[in-house]
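Taking it in order: structure first as structure tokens, then the write-up.
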2 protein chains.
Amino acid sequence: MTNSETAEEPPAPRRPHGTAGRGGKRERLVAAARQVLYERGVEKSALADIAAAADVPLGNVYYYFKTKDALVSAVIEDYRQSFGELIAQVSQGEEPAGRLKALLAALTERQERLASYGCPIGSLSCELGKRDDDQRAEVGAILAGLIDWAETQFRAMGRDDARELATALIAAYEGIALLAAALRDPGLISTETSRLSRWIDFLAGLQPAGPGHRTGR
Amino acid sequence: MTNSETAEEPPAPRRPHGTAGRGGKRERLVAAARQVLYERGVEKSALADIAAAADVPLGNVYYYFKTKDALVSAVIEDYRQSFGELIAQVSQGEEPAGRLKALLAALTERQERLASYGCPIGSLSCELGKRDDDQRAEVGAILAGLIDWAETQFRAMGRDDARELATALIAAYEGIALLAAALRDPGLISTETSRLSRWIDFLAGLQPAGPGHRTGR
DNA sequence: GTCTATAGGGTGATAGAC
DNA sequence: GTCTATCACCCTATAGAC
């Protein structure tokens, strides 16, 4: 492993270009694409922009990705992995209610970016959702995975309506991210996540207050 | 029966092309643009598509709208008006809780289209939200108007946290529309609007559900 | 494998005939 | 006012040199 993090390129990448070759051009492209697509939208982002952001010559992109769609798919896959890690992280909490609140807390940390560009998955879904192809389904699968995870937590809390609650929770998050971006108001995120946390506590039976009440414990 | 519905054009439109001239080309363009933009997205819709849908020659579009952005702005204005009418309609209810539920019911009626293309305003906001110009603000203003209206209703219900609840309600709607479109599942809409209706009833104190709640701070 | 140059297709916008 | 023809540009994708 004689690796450097920057522009080192051993002559024999040797791996099928699915994963990590040392030049790391593929990774740089995916990372750059992820950011550019997030900030500018899929349709408005040109491959030239992404290539420039990744410091890779334009024509070289096509060595790693057959089409622009293939690059977008790689970004979606990257998100899938990131969300998997996020879920794994917040799942370390012992109690289901705590896990759900940990997820909300993780999202609150990103409120500034959420209020500028919306939820990465949500906006991707919004753009690709108009189509009816594999990519839409891939993005949908990430959201479905999130709902499934939340459902498991609510189920562990003894709720029979776990699926409904899980859907409502993820919808609330996607919706507030959309509103915060539309109104350029990061404060909406923290207000709503705070309200949702109280709601979760209420559902868990830890609080004697109804949903929406501002009472402390 | 001298009139036909199709290509009739009285020779003297006479009105400044802001409103309804009989040829109605401007109106047809806005209506067609509204539909095409909704179903295909702003960036993927070509002016040629819109012109064809409106049965107007491409070059003629520029007589009515200086740029594509101007046409998009006209569509946003059209939405603003439509939402105003929707609000006026559901505001006929006598009680605030009933009005809020009437809004939810109106949205549920559209669940099929919502599950195919998302919320018209939400997806517009999502696409334009990445920019930071006037159009984003215009779309945001529509959403803000919706929140304001809902806030008024919650306030009339005696809620001190009316603003927070109103934001949560609109976020829930936008979020569930996004999820329904992402997962192509219209059923999510009715399940969630039903849950939200129960929530509104609960907040209104019409239902004995939930543990002891207080009526405000 | 890497990169340059360019082809090929499509889009927004304009000029000018009717 | 209405519409056709066309320009000028940008973007994806490829061909082929190194």
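Reckoned from all heavy atoms, side chains included, excluding hydrogens, waters and symmetry mates. Within every chain, numbering begins at 1; the chains are lettered A, B, ... in the order of the sequence lines, protein sequences first and strands thereafter.
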**OP:** Compare side-chain N and O positions of A/Y62 against OP1 and OP2 of C/dT2 and report whether any pair is under 4.0 Å apart.
**Re:** no
**OP:** Rounded to the nearest angstrom, tell me the gap between atom CG in B/L58 and atom C1' in C/dG10.
**Re:** 12 Å
Original post:
Cut-off 3.5 Å, side chains only: do B/T193 and B/T108 have a donor facing an acceptor?
Top reply: yes
**OP:** Indicate whether OP1 or OP2 belonging to C/dC3 is found under 4.0 Å from a side-chain N or O atom of A/K25.
**Re:** yes
**OP:** Give a yes/no answer on whether the side chain of A/N60 brings an N or O atom under 4.0 Å of OP1 or OP2 in C/dC3.
**Re:** yes
**OP:** Looking only at side-chain atoms of A/T67, point me to the closest of D/dA13, C/dT2, D/dG1.
**Re:** D/dA13
Original post:
So is A/R34 actually on top of A/Y79's ring, under 6.0 Å and inside 45° of the axis?
Top reply: yes
**OP:** Let me know the distance between OH of A/Y64 and P of D/dT14, rounded to the nearest Å.
**Re:** 17 Å
**OP:** Flag the pair A/R198 and B/E164 as a salt bridge only when some basic side-chain nitrogen lies within less than 4.0 angstrom of an acidic carboxylate oxygen.
**Re:** yes
Original post:
Atom CZ of B/R28 to atom P of D/dG1: distance rounded to whole Å?
Top reply: 17 Å
Original post:
Charged N to carboxylate O under 4.0 angstrom, A/R99 versus A/E95?
Top reply: no
Original post:
Between D/dC10 atom C1' and B/E43 atom CD, what is the distance in whole Å?
Top reply: 13 Å
Original post:
Are the charged groups of B/D55 and B/K25 less than 4.0 angstrom apart, N to O?
Top reply: no
Subject >> Rounded distance (Å) that lies between atom P of D/dT2 and atom CG of B/D55 >> reply: 14 Å
Original post:
Going by atom types alone, do B/S73 and B/Q135 pair a side-chain donor with an acceptor below 3.5 Å?
Top reply: yes
Original post:
Under a cut-off of 3.5 Å for both distances of each Watson-Crick or G-U pair, what dot-bracket string does DNA chain D give, using [ ] for crossing pairs and | for inter-strand pairs?
Top reply: ||||||||||||||||||
**OP:** Round to a whole Å and report the spacing from CG of A/D69 to C1' of D/dT12.
**Re:** 11 Å
**OP:** For B/P57 and for A/A48, locate the closest nucleotide of DNA chain D by heavy-atom distance; then report the residue assigned to the nucleotide nearer the 5' terminus.
**Re:** B/P57
Original post:
Does the distance from a Lys or Arg side-chain N to an Asp or Glu carboxylate O, for A/D132 and B/R184, drop under 4.0 Å?
Top reply: yes
**OP:** In whole angstrom, give the distance that lies between atom NZ of B/K68 and atom C1' of C/dG12.
**Re:** 8 Å
**OP:** Tell me which nucleotide among D/dT4, D/dT12, C/dG12 gets nearest to the side chain of B/L47.
**Re:** C/dG12
Subject >> Residue A/Y63, side-chain atoms from C-beta onward, closest of D/dT12, C/dG1, D/dT2 >> reply: C/dG1
Original post:
Whole Å only: how far is the NZ atom of B/K44 from the P atom of C/dG12?
Top reply: 13 Å
